[in-house]
> 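First the structure, then my questions, so here it is.
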Amino acid sequence: MNPKYSIEHLDLSAVPFSRRLARLMVLYGYVSLDGDAPDIKSFFISYTNSVTDGSSRYDLIRFTPTRSGQPVECRYQCDPGKLTIEADDGAYGSVEVVFDGYERLLFRASGGLGLRFHIVFEPHEQFMDRLDGDGTVYAAFPTIGAFLFKAVKGTQANNGHWDAWRILPEETNIDWSPDGGDLLGYVQYAYELVEQPDALGDVDVLARENRTDFDNWASKYEPVPEKYAHLRLFAAYVVWICYLAPKGQVKTPMIYFLRTGGLMRAMGWHQSYHAMALWRDLDLAVDLLYSMFTQQDAYGMIPDSVSDRYVTMLAPKPPFQGFALSYILDHVGLDTLTVAHAEKLYEPMCRWATYWLTFRDRDHDGLCAYVHGDESGWDDASIFSKGMPVIAPDLAAFLILLMEACGKLAKRLGRDAESVEWLAKSKTMLTKMLRTLWNGHKFICIKEDTREIIDVESIAVYQPIILGMRLPEEIRNAIGRAVYDPETFFTHTGFASESQKSPLYDVTYGSFMLGMILAPVQLMMTVGLWNADQKEVAAANARNILEAALDVGPQTIFRSPHQKNPKPTGARAVLPPMKEGMRWMPGGYGSWGAGVFLILGSLLWHAEQENDVRRAAASAEKEA
């Protein structure tokens, strides 16, 4: 077991110490990401704050244990309930850090240890003594908020000084010193005026409560095979800390992709992935399915993404919600969905389907088209190699399932006529897709304005497998054979996004969907294959991904097979390689891959259960 992915020993360079609904977090990593800078690491207090330029102040507040006012070497152990930092200077001493609510960190030190907080300010930021007689100070950051520092047991001192010419506080240390060997203090966050709390929780009680909250969250997920059980808990932790409270533009709890870095936001279809993984908590699953509809505009469109700071409406993500609801209903049954659940989802999903039928079927042929790469989620896929707009089979499949979902919800609400209408629309589009986009061997795309055929080897043209048994057997079998070929899509780390035989295959120059192995591709293809009775292929791919995760964790992106004779395709480097010598920003693990891992892990668990049943039946028959 790779200890980096154990929740009993969380690696704070990979994931933050945080908790459900909190944006506040603790990280551990390099003081400078420049590889030429000194090799110095520190703990950081940071805050998930989305800004439009994608920047991230992961190093907002540095802190380190001290003894007699001097920093000491230390080691740490962290689990979902508590971070413990132990002195490594030959003498006893520890610092314990817990969450007291969602916006307060509580620190308790023993063995004579103190703490030093260090802040490097930017222009127009602020550091100020509250002058309230107890040494309380705060640091304020215009786009983030303010942090109040107070030593409750022990003493607090600082060297803060205002630099008038640079319009900022000088680099500032806040030192907490123990009283009688012990120390207790807190850092309190608030976006506007930060007030001292009326009371503080008990460190030990808070640690247990926070750990119990995580354990309850983790219990919502289905089992995975025992070999990967530790990764199940790690993935659950990643999602747990990315489930953030409403703030700013975010109107309901949502699961952010990242807590640090350039993608600190909730993506339009990610909420549905997580709803699928959390189907055993049906209320939560429905809330996540609904969450992006809180941003739905007057035309029925929902955004690409939303954060506390901004909503991105340039292009929506694909209409994935029907596939997600179909998956959930396959597990719980339509009758388990309450009337309240159905009422919450029905009108928004109908408006969402109507948006696509109204604004993306511009030639009125019964099939919709993408007009932007981002609408597909596969930004630079080869299906767009001849330009826009593109009638694509994956979009048709999404809409078939979305309209079917609308029909099922209408039925649950007793709106029978509307149910019949939506189900008929779904079947009509399925018939149209098969007649227009299936060439007898594979699905193809069509350029909507010129009717030019786009015959490429993108995984997107095999994605209609999400329709499962709605597809004819010959098509299901053809897709299963095509993607199970190790010379094309099937690799030891998942399905490639472009066939390895394609002249456009590119895993060298930073393209996104021209060969890269992406978690969402694995989700759709693997679940679709399983539902299409291509279970051998589905289970084999799920196992490959879980095996790869043993080494690198439940990633969003897995390593692709090397490119033979790489040649530049001219594609923009969507994911350019890290500049030589640069270091990774801490806390960069994403919830996207974690949610997909939890779904595929449960699928493999079910596959193994079915195999056990078959073996037992065969053994019993043999003995008889």
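Hydrogens, waters and symmetry mates are skipped; everything else that's a heavy atom, side chains included, is used.
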> Look at Lys501 together with Glu487 and state whether they make a salt bridge at an N to O cut-off of under 4.0 Å.
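The answer is no: the pair does not qualify as a salt bridge.
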> Look up atom CG in Leu430 and atom CG in Leu471, then write down how far apart they are to the nearest 0.5 Å.
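These two atoms lie 7.0 Å from each other.
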> Counting C-beta onward and ignoring hydrogens, is there a side-chain heavy-atom pair between Val507 and Tyr505 closer than 4.5 Å?
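Yes; the side chains approach each other to less than 4.5 Å.
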> Atom NE2 in His331, atom CD in Glu222: separation rounded to 0.5 Å?
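One finds 5.0 Å between NE2 of His331 and CD of Glu222.
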> Is it true that Glu610 and Lys535 have a side-chain N and a carboxylate O under 4.0 angstrom from each other?
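Yes, charged N to carboxylate O under 4.0 Å.
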> Does a side-chain heavy-atom distance below 4.5 Å link Val521 with Thr526?
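No, too far: nothing below the 4.5 Å cut-off.
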> So, for Ala539 and Leu604, which heavy atoms are closest and what is the spacing to 0.1 Å?
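Shortest heavy-atom separation between Ala539 and Leu604 comes out as O-CD1, 3.8 Å.
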> Look up atom CG in Asp281 and atom CG in Asp287, then write down how far apart they are to the nearest 0.5 Å.
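Spacing of CG (Asp281) from CG (Asp287) equals 8.5 Å.
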> So which heavy atom on Leu357 is nearest to which on Trp422, and how close?
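Minimum heavy-atom contact is CD1-CZ3, 4.5 Å.
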> Test your reading of the model: is there a side-chain donor-acceptor pair from Arg259 to the backbone of Ile241, 3.5 Å cut-off?
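Side chain of Arg259 to backbone of Ile241, a donor-acceptor pair under 3.5 Å: yes, one is there.
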> Can you find a pair of side-chain heavy atoms, one from Leu413 and one from Val339, that are under 4.5 Å apart?
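Leu413 reaches Val339 side chain to side chain.
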> I want to know whether Tyr299 and Phe359 have ring centres closer than 6.0 Å.
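Ring centroids of Tyr299 and Phe359 are less than 6.0 Å from each other.
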> Is it true that, when you exclude Arg614 itself, more than 12 heavy atoms of the residues, nucleotides or ligands shown sit nearer than 6.0 Å to its CZ?
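Yes, the 6.0 Å shell around CZ holds more than 12 heavy atoms from other groups.
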> If every non-hydrogen atom of Arg559 is compared with every non-hydrogen atom of Ile517, which pair is closest and at what distance?
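Shortest heavy-atom separation between Arg559 and Ile517 comes out as O-CD1, 3.5 Å.
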> Assess whether side-chain contact (heavy atoms from CB on, under 4.5 Å) is satisfied between Met525 and Ile465, documenting all intermediate values.
CA-CA 7 Å; Met525 291 301 300; Ile465 198 66; 3.9 Å; yes
> Looking at every non-hydrogen atom in both residues, tell me the closest pair between Gly553 and Tyr589 and how far apart they are.
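Distance-wise, the nearest heavy atoms are CA-OH, 3.0 Å.
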> Is there a side-chain contact (heavy atoms from CB on, under 4.5 Å) between Met313 and Met301 once you walk through the steps?
CA-CA 8 Å; Met313 296 296 286; Met301 177 181 167; 4.3 Å; yes
> Donor-acceptor check, side chain of Ser591 to backbone of Val238, threshold 3.5 angstrom: yes or no?
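No: the side chain of Ser591 does not pair with the backbone of Val238.
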> Determine the interplanar angle of the Tyr370 and Phe384 rings, folded into 0 to 90°, and report it as parallel if under 30°, tilted if 30 to 60°, perpendicular if over 60°.
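If you compare the ring of Tyr370 with that of Phe384, the planes turn out perpendicular.
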> Using modelled atom types and a 3.5 Å cut-off, is there a donor and acceptor pairing between side-chain atoms of Ser419 and backbone atoms of Arg415?
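Such a contact is absent between Ser419 side chain and Arg415 backbone.
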> Do Thr312 and Ser305 have a side chain donor and acceptor closer than 3.5 Å?
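The criterion, which ignores hydrogens and geometry beyond distance, is satisfied for Ser305 and Thr312.
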> Answer yes when Glu375 and Arg360 have at least one side-chain N-carboxylate O distance shorter than 4.0 Å, and no when they do not.
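Answer for the salt bridge query: yes.
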> Using a strict 4.0 Å threshold on nitrogen-to-oxygen distance, state whether Lys408 and Glu404 make a salt bridge.
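Yes.
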> Output yes when a side-chain donor or acceptor of Lys386 lies under 3.5 Å from a complementary backbone atom of Ile453, and no otherwise.
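Yes; judged by distance alone, with no hydrogens or angles, the pair exists.
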> Run the numbers on Arg309 and Gln249 for side-chain contact (heavy atoms from CB on, under 4.5 Å), then give the verdict.
CA-CA 6 Å; Arg309 290 283 175 177; Gln249 298 288 343; 6.0 Å; no
> Start with the C-alpha distance between Leu518 and Phe495, add both sets of side-chain angles, then the distance that settles side-chain contact (heavy atoms from CB on, under 4.5 Å), and finish with yes or no.
CA-CA 8 Å; Leu518 297 163; Phe495 293 122; over 6 Å; no
> Taking the side chain as C-beta and beyond, is there a heavy-atom pair between Trp240 and Asp213 under 4.5 Å?
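Yes, side chains in contact.
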> With a 4.0 Å cut-off, would you call Asp365 and Arg451 a salt bridge?
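Counted as a salt bridge, because a side-chain N and a carboxylate O are separated by less than 4.0 Å.
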> Is there a donor-acceptor pair closer than 3.5 Å between any side-chain N or O of Tyr5 and the backbone N or O of Val552?
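Looks like yes, one N/O pair under 3.5 Å.
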> Any Lys/Arg nitrogen of Asp455 or Lys442 sitting under 4.0 Å from an Asp/Glu carboxylate oxygen of the other?
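Counted as a salt bridge, because a side-chain N and a carboxylate O are separated by less than 4.0 Å.
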> Looking at Ser499 and Phe489, would you say the former's side chain and the latter's main chain have a donor-acceptor pair under 3.5 Å?
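Not at all, since once roles are kept as given, no pair shorter than 3.5 Å links the two residues.
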> Taking NZ, NE, NH1 and NH2 as the nitrogens, is one of them in Asp308 or Arg265 under 4.0 Å from a carboxylate oxygen of the other?
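Looking at Asp308 and Arg265, the cut-off is not met.
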> Taking the inter-plane angle between the rings of Tyr273 and Phe320 on a 0 to 90° scale, is it parallel (under 30°), tilted (30 to 60°) or perpendicular (over 60°)?
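The rings of Tyr273 and Phe320 stand perpendicular, inter-plane angle above 60°.
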> Please check if the number of heavy atoms outside Glu536 that lie under 6.0 Å from its CD is greater than 12.
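Atom CD in Glu536 is not packed in, count stays at 12 or less.
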> Do Trp378 and Asp394 come close enough that some side-chain heavy atom pair is under 4.5 Å?
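Yes. Closest side-chain heavy atoms under 4.5 Å.
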> Would you say Thr358's side chain and Tyr355's backbone share a donor-acceptor pair under 3.5 angstrom?
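No, the answer is negative, given that no donor and acceptor are paired below the 3.5 Å cut-off.
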> Give me the atom names and distance for the closest heavy-atom approach of Ile383 to Ala392.
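Ile383 and Ala392 have their closest heavy atoms at CD1-CB, 4.3 Å.
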> Is a donor from one side chain sitting under 3.5 angstrom from an acceptor on the other, for Tyr256 and Arg23?
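Short answer, yes.
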> Keeping the roles fixed (side chain from Ser502, backbone from Glu498), state whether a donor-acceptor pair exists under 3.5 Å.
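Not confirmed, Ser502 side chain does not pair with Glu498 backbone.
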> Examine distances only and state if a side-chain atom of Ser326 and a backbone atom of Phe323 form a donor-acceptor pair shorter than 3.5 Å.
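Between the backbone of Phe323 and the side chain of Ser326 there is no qualifying donor-acceptor contact (under 3.5 Å).
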> In the structure I gave you, are the side-chain heavy atoms of Gln522 and Phe558 within less than 4.5 Å of one another anywhere?
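Result no, sub-4.5 Å side-chain heavy-atom pair not found.
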> Looking at Val461 and Val456, what are the two nearest heavy atoms and their distance?
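Heavy atoms only, the tightest pair is CG2-O, 4.0 Å.
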> Run the salt bridge (Lys or Arg N to Asp or Glu O under 4.0 Å) test on Glu608 and Lys227 for me, step by step, so that the C-alpha distance in whole Å, both residues' side-chain angles and the decisive distance to 0.1 Å come before the verdict.
CA-CA 12 Å; Glu608 292 189 353; Lys227 183 178 182 180; over 6 Å; no
> Do Gln500 and Thr491 come within less than 4.5 Å of each other through their side chains, counting heavy atoms only?
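A side-chain contact under 4.5 Å exists here.
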> Closer than 4.0 angstrom, basic N to acidic O: yes or no for Asp449 and Lys447?
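So Asp449 pairs with Lys447 through a salt bridge.
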> One thing to verify: whether Glu421 and Lys425 come together as a salt bridge, which I'm taking to mean a side-chain N less than 4.0 angstrom from a carboxylate O.
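Judged by the 4.0 Å cut-off on N to carboxylate O distance, Lys425 and Glu421 do form a salt bridge.
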> Quick one about Gln296 and Arg351 (side-chain donor to acceptor, distance below 3.5 Å, no hydrogens or angles considered), yes or no?
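Their side chains do contain a donor-acceptor pair, which is all the 3.5 Å distance test asks for.
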> Would Asp374 and Lys317 count as a salt bridge (Lys or Arg N to Asp or Glu O under 4.0 Å) here? Give the steps.
CA-CA 7 Å; Asp374 291 359; Lys317 281 291 183 281; 5.6 Å; no
> Hey, are the side chains of Ile466 and Val527 touching, using non-hydrogen atoms and a 4.5 Å cut-off?
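Of all side-chain heavy-atom pairs linking Val527 with Ile466, none is under 4.5 Å.
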> First locate atom CG of Leu337, then atom CD1 of Ile328, and finally report the distance between them rounded to the nearest 0.5 Å.
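With rounding to 0.5 Å, CG (Leu337) is 8.5 Å from CD1 (Ile328).
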> What about Trp352 and Trp269, are their ring centers closer than 6.0 Å?
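That pair fails the under 6.0 Å test.
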> Tell me yes or no: between the side chains of Asp283 and His341, is some donor less than 3.5 Å from an acceptor?
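There is such a pair between these side chains.
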> For Phe597 together with Phe234, are the ring centres under 6.0 Å from each other?
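Ring centroids of Phe234 and Phe597 are no less than 6.0 Å from each other.
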> Decide side chain to side chain donor-acceptor pair (under 3.5 Å) for Tyr462 and Glu457; before the verdict, give the C-alpha distance in whole Å, the side-chain angles of both, and the deciding distance to 0.1 Å.
CA-CA 9 Å; Tyr462 298 95; Glu457 279 301 302; 3.1 Å; yes
> With a 6.0 Å cut-off on ring centres, are Trp217 and Tyr243 close enough?
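Aromatic pair counts; centres sit under 6.0 Å.
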> Counting only heavy atoms not in Lys411 (residues, nucleotides, ligands), do more than 12 fall under 6.0 Å from its NZ?
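No, the 6.0 Å shell around NZ holds no more than 12 heavy atoms from other groups.
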> Is there a donor-acceptor contact under 3.5 Å from the side chain of Thr294 to the main chain of Tyr290?
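Here the side-chain-to-backbone pair does not exist.
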